[in-house]
Amino acid sequence: MRITTWNVNSIRQRQAHLLDFLREEAPDVVCLQELKTTLETLPRAEIEDAGYNVAAVGQKGFNGVALLSKHPIEDVREGLPGDESDSQARYVEGVIAADGGVVRVASIYLPNGNPVDSEKYPYKLAFMDRLVAHARSLLRLEETLVLAGDYNVIPEPRDAADPAAWEGDALYLPQTRAKFRALLALGLTDALRACDDAAGRYTFWDYQAGAWQRNKGIRIDHLLLSPQAADRLDGVTIHKHERAKEKPSDHVPVTVRLRG
DNA sequence: ATGACTGGCCCTGCCAGA
């Protein structure tokens, strides 16, 4: 089975690219981030016509996450536990019974956190703490689990074309990277790194400063696997060509393939 | 060398993103 994560940077602006992707790649599950809309204006009928069920959390203008699945989505959780006052649409999780067995999948839009001297950085760190706690409880279920999304974390120097340029940035601060390592220390596997040690495996190129043309990218979109999912890991694809299209998202889709 | 974009919204400059 194949599971894709993609920050689309407005699902309405990216509707044609998304539908093309669903038709051409036809993954079992797609985790979307940055819908930038409420559910009223989500192109739900078009997605359903492409053969996908939808579970989504919307927000006017910002954030927004979705799970698209060829198979029914059950046990949907909207929002990350641990802070009832957090109304930002950044987390949706569901259980999907596919041909190859049952898998629990989350679509995560982790806060950016810049500027770091504002309230936004503590919010990012608190969100990461809540994600660690929730992942810990999910891992106790011993399920095939995929925590996919835009983590807004550059894990290591090899994950940036110009690491020095990111020093002091919320995506790359030592505290940010340490909390990402805390996720891995729970027993989660970074799917791309389990398959490929190379530098230069980017998933995001800024719209500004010719970042795409100069390949000044970063790797911030990740698929973290439970041990039961990692046992079935069969490969990861970064759909880099999406960034070369007209009116692209600044992020490209990343797909993990699990055996069975 | 420097600066460079895109999207949504209070519809028009401003906030947010990374």
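Every heavy atom of this structure was used, including side-chain atoms; hydrogens, water molecules and symmetry mates were not. Quick note on labels: first sequence line is chain A, next is B, and so on, each numbered from 1.
Residue contacts for A:Asp150: at a heavy-atom cut-off of 4.0 Å it reaches the sugar-phosphate backbone alone, with no base atom in range. Residue contacts for A:Asn63: at a heavy-atom cut-off of 4.0 Å it reaches no nucleic acid atom on any strand shown. Looking at heavy-atom distances under 4.0 Å, A:Lys216 makes no contact with the nucleic acid at all. A:Asp169 comes within 4.0 angstrom of no nucleic acid atom, judged by non-hydrogen atoms across all strands. Counting non-hydrogen atoms under 4.0 angstrom, A:Tyr172 reaches nothing in the nucleic acid.
Taken from OG1 in A:Thr5 to CG in A:Leu223, the straight-line distance is 6.0 Å, to the nearest 0.5 Å.
Projected onto DNA chain B by closest heavy-atom contact, A:Gln88 and A:Leu35 fall at different nucleotides, the more 5' of which corresponds to A:Leu35. Both A:Gln208 and A:Pro115 sit near DNA chain B, but only A:Gln208 has its closest nucleotide nearer the 5' end.
Taking atom P on both B:dA4 and B:dC14, the two are 16 Å apart, rounded to the nearest angstrom. Comparing the same atom, P, in B:dG3 and in B:dG7 gives a spacing of 24 Å after rounding to whole Å. Taking atom P in both B:dT2 and B:dT6, the straight-line distance is 23 Å, to the nearest Å. Separation of the P atoms belonging to B:dA16 and B:dC10 is 13 Å when rounded to the nearest angstrom.
Under the side-chain contact (heavy atoms from CB on, under 4.5 Å) criterion, A:Val76 pairs with A:Ala55, A:Ile73, A:Glu78, A:Val92, sequence neighbours left out. Residues satisfying the side-chain contact (heavy atoms from CB on, under 4.5 Å) test with A:Ser137, not counting sequence neighbours, are A:His134, A:Arg140.
Counted within 6.0 Å of CD on A:Glu142, heavy atoms from surrounding residues, nucleotides or ligands total 12 or fewer; the atom is thus considered open.
Sorted by first and then second residue, the salt bridge (Lys or Arg N to Asp or Glu O under 4.0 Å) pairs involving residues 176-192 of chain A (not counting sequence neighbours) are A:Asp129-A:Lys179, A:Asp190-A:Arg219. Contacts classified as side chain to side chain donor-acceptor pair (under 3.5 Å) and involving residues 50-61 of chain A (residues at least two apart or in different chains) are given here: A:Gln59-A:Asn63. The salt bridge (Lys or Arg N to Asp or Glu O under 4.0 Å) contacts involving residues 221-235 of chain A comprise A:Asp234-A:Arg257, A:Asp234-A:Arg259, where partners must be two or more places apart or lie in separate chains.
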Identify each donor-acceptor pair in which a side-chain atom of residues 193-202 of chain A lies under 3.5 Å from a protein atom, sequence neighbours left out, and give them as a table.
residue	atom	partner	partner atom	Å
A:Arg193	NH1	A:Asp196	O	2.8
A:Arg193	NH1	A:Ala198	O	2.7
A:Arg193	NH2	A:Asp159	OD1	2.7
A:Arg193	NH2	A:Ala198	O	3.1
A:Asp196	OD1	A:Ala198	N	2.8
A:Asp196	OD2	A:Arg201	NE	2.4
A:Asp196	OD2	A:Arg201	NH2	3.1
A:Tyr202	OH	A:Ala161	N	3.2

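Nucleotides of DNA chain B with any atom under 4.0 Å from a heavy atom of chain A span, from 5' to 3', B:dA4 to B:dA18.
Taking a 4.0 Å limit (strictly below) on heavy-atom distances, residues 12-20 of chain A reaches DNA chain B at A:Arg12, A:Gln13, A:Arg14.
Through chains of ILVMFWY side-chain contacts below 4.5 Å, A:Leu171 is grouped with A:Ile154, A:Trp166, A:Tyr172, A:Phe204, A:Ile218, A:Ile220.
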